[in-house]
Amino acid sequence: MSGSLFSWDRFFSSVPQILPYLAVTFKIVTAATIAGVLLGILVALVRIYKTPVLYQICTVYISFMRGTPMLVQMFLILYGLPFFLGPIFGSNIGRTWDKIYFAYITFILNQGAFLSSIFYSAIKSVPIGQTESGLSVGLTGFQNFTRIVLPQAVKTALPPFGTDFVGLFQNVSLVSTIGVIDIMGRATSIGSATNHALEAYLFVALIYIIISLFMRYVFAKTDVKLSFGKKVGQ
């Protein structure tokens, strides 16, 4: 069996070797989501209020992040950031920093750009009349945004946010290309050590399928609850 293309023994032996590295994937997803949401809201507000200078910077930032592949962005951060920050830190951060920090930065910036477009569309979808009504009864701009605009915008943004979140989880597999050992990187190392990669990659594929389906289910159920039990589209 050791020379066969596929072995269930090798498949099950790879499970305990790969599963612990799922924590690395979740760490990146969590950091990118939390920081990406904050950055996305900030950029969306800059676009809505057309803040001078910042508006132009955000336009270029979004165009770049949405117009280039994630893998290209990751390598630009990996090799470009040390060039610009090296003189500030007085050392080559490309060698002193753990590669996962470059992954964090890449995914946060990427999520910030994509989520800003989702939030921008969601906020703009709230009728201006409701904003004017809130201001007319004495609400401040912040109170009006948090009490009237934001709750409605969340309902609108949830479906595309869920799709983006699943895509983020799957795209994190790219971090193995810069030396971060996640489940994909661990599967690759197992294949290199044993000359049998199929079993490890199959297990990784199953992980992505199961978790992605679960995430879609959770977001779909949440969307229905926010719609007060009505089916989407009704």
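- Listed here is the closest heavy atom pair of Ile108 and Ala31: CG1-O, 3.9 Å.
- Looking at heavy atoms from C-beta onward, Leu19 lies in side-chain contact with Ile207 at the 4.5 angstrom threshold.
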Exercise for review: Go through the steps to decide whether Phe12 and Phe203 satisfy the test ring-ring contact (aromatic ring centres under 6.0 Å, His included), and finish with yes or no.
Suggested key: CA-CA 9 Å; Phe12 288 112; Phe203 178 63; 9.0 Å; no
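- Atom CD1 of residue Ile77 and atom CD1 of residue Ile105 lie 6.5 Å apart, to the nearest 0.5 angstrom.
- Hydrophobic clustering places Phe6 together with Tyr201 (ILVMFWY residues linked when any side-chain heavy atoms are closer than 4.5 Å, directly or through intermediates).
- Cluster membership for Ile48 and Ile128, using ILVMFWY side-chain heavy atoms within less than 4.5 angstrom, is not shared.
- Taking every heavy atom of both residues into account, Pro16 and Pro20 meet most closely at O-CD, 3.2 Å.
- Separation of atoms NZ (Lys155) and CG (Leu150) is listed at 11.5 Å; rounding is to 0.5 Å.
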Review point. Run the side chain to side chain contact (heavy atoms under 4.5 Å, CB included) check on Ser116 and Tyr61 step by step: do they pass?
Key: CA-CA 11 Å; Ser116 71; Tyr61 158 64; 5.5 Å; no
Exercise for review: Given side chain to side chain contact (heavy atoms under 4.5 Å, CB included), test Asp182 with Ser176 step by step and report yes or no.
Suggested key: CA-CA 7 Å; Asp182 65 335; Ser176 62; 3.7 Å; yes
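- The shortest distance between side-chain heavy atoms of Phe11 and Leu206 falls below 4.5 Å.
- The hydrophobic cluster containing Val60 does not contain Leu54, counting ILVMFWY residues as joined when their side-chain heavy atoms lie under 4.5 angstrom apart, directly or transitively.
- A donor-acceptor pair shorter than 3.5 Å cannot be found between the side chains of Arg10 and Ser13.
- At a threshold of 4.5 Å between non-hydrogen side-chain atoms, the residues Val175 and Ile100 do not count as touching.
- When the options Ile62, Thr59, Leu42 are evaluated for a side chain to side chain contact (heavy atoms under 4.5 Å, CB included) with Arg47, the one that passes is Ile62.
- With rounding to the nearest 0.5 angstrom, the CZ atom of Phe107 is 13.0 Å from the OG1 atom of Thr30.
- Contact of the Phe119 side chain with the Leu45 side chain is not registered, since no non-hydrogen atoms from C-beta on lie closer than 4.5 Å.
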**Study point:** Thr177 vs Phe75, side chain to side chain contact (heavy atoms under 4.5 Å, CB included): CA-CA, chis, key distance, verdict
**Key:** CA-CA 9 Å; Thr177 61; Phe75 279 110; 4.2 Å; yes
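- Counting all heavy atoms, side chain and backbone alike, Ile183 lies closest to Val204 at O-CG2, 3.6 Å.
- No path of Ile, Leu, Val, Met, Phe, Trp and Tyr side chains, each step under 4.5 Å between heavy atoms, connects Val24 with Ile34, placing them in separate hydrophobic clusters.
- Formation of a donor-acceptor pair under 3.5 Å by the Gln152 side chain with backbone atoms of Ile148 is found in this model.
- Taking each heavy atom of Ile211 and Leu22 in turn, the nearest pair found is CD1-CD2, 3.9 Å.
- With 3.5 Å as the limit, one finds a donor-acceptor pair spanning the side chains of Gln73 and Thr68.
- By the 30° and 60° cut-offs, the orientation of the rings of Phe219 relative to Phe161 is perpendicular.
- Between Tyr217 and Thr222 the shortest side-chain heavy-atom distance does not fall below 4.5 Å.
- In this model, no donor atom of one side chain and acceptor atom of the other lie less than 3.5 Å apart for Thr33 and Gln111.
- The distance from the OG atom of Ser173 to the CE atom of Met70 is 10.0 Å, given to the nearest 0.5 Å.
- Taken from CG in Leu5 to CG in Leu198, the straight-line distance is 5.5 Å, to the nearest 0.5 Å.
- Taking the side chain as every heavy atom from C-beta outward, Thr106 and Ile178 never approach each other to under 4.5 Å.
- Between Ser14 and Ala200, the closest heavy-atom pair is OG-CA, 4.1 Å.
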Exercise for review: Go through the steps to decide whether Tyr21 and Thr25 satisfy the test side chain to side chain contact (heavy atoms under 4.5 Å, CB included), and finish with yes or no.
Suggested key: CA-CA 7 Å; Tyr21 292 88; Thr25 300; over 6 Å; no
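- The side chain to side chain donor-acceptor pair (under 3.5 Å) search around Asn171 returns none, not counting sequence neighbours.
- Because its NZ or CZ atom is both nearer than 6.0 Å to the ring centre of Phe114 and within 45° of the ring axis, Arg66 counts as a cation-pi partner of that residue.
- Distance NE2/His196 to OG/Ser7: 8.0 Å, rounded to 0.5 Å.
- Classified by interplanar angle (parallel below 30°, tilted 30° to 60°, perpendicular above 60°), the ring pair Tyr101/Trp97 is perpendicular.
- Between Tyr55 and Tyr49, the closest side-chain pair of non-hydrogen atoms is not below 4.5 Å.
- Its side chain within the 4.5 Å cluster rule, Phe84 clusters with Phe83 among the Ile, Leu, Val, Met, Phe, Trp and Tyr residues.
- When the side chains of ILVMFWY residues are joined at heavy-atom separations under 4.5 Å, either directly or via intervening members, Tyr79 and Ile93 end up in a single hydrophobic cluster.
- Two residues are said to be in side-chain contact when any heavy atoms from C-beta on lie closer than 4.5 Å; Phe102 and Met74 fail this criterion.
- Formation of a donor-acceptor pair under 3.5 Å by the Thr146 side chain with backbone atoms of Gln143 is found in this model.
- Paired with Gln170 under the rule side chain to side chain contact (heavy atoms under 4.5 Å, CB included), one option of Leu168, Val166, Val172 passes, and it is Val166.
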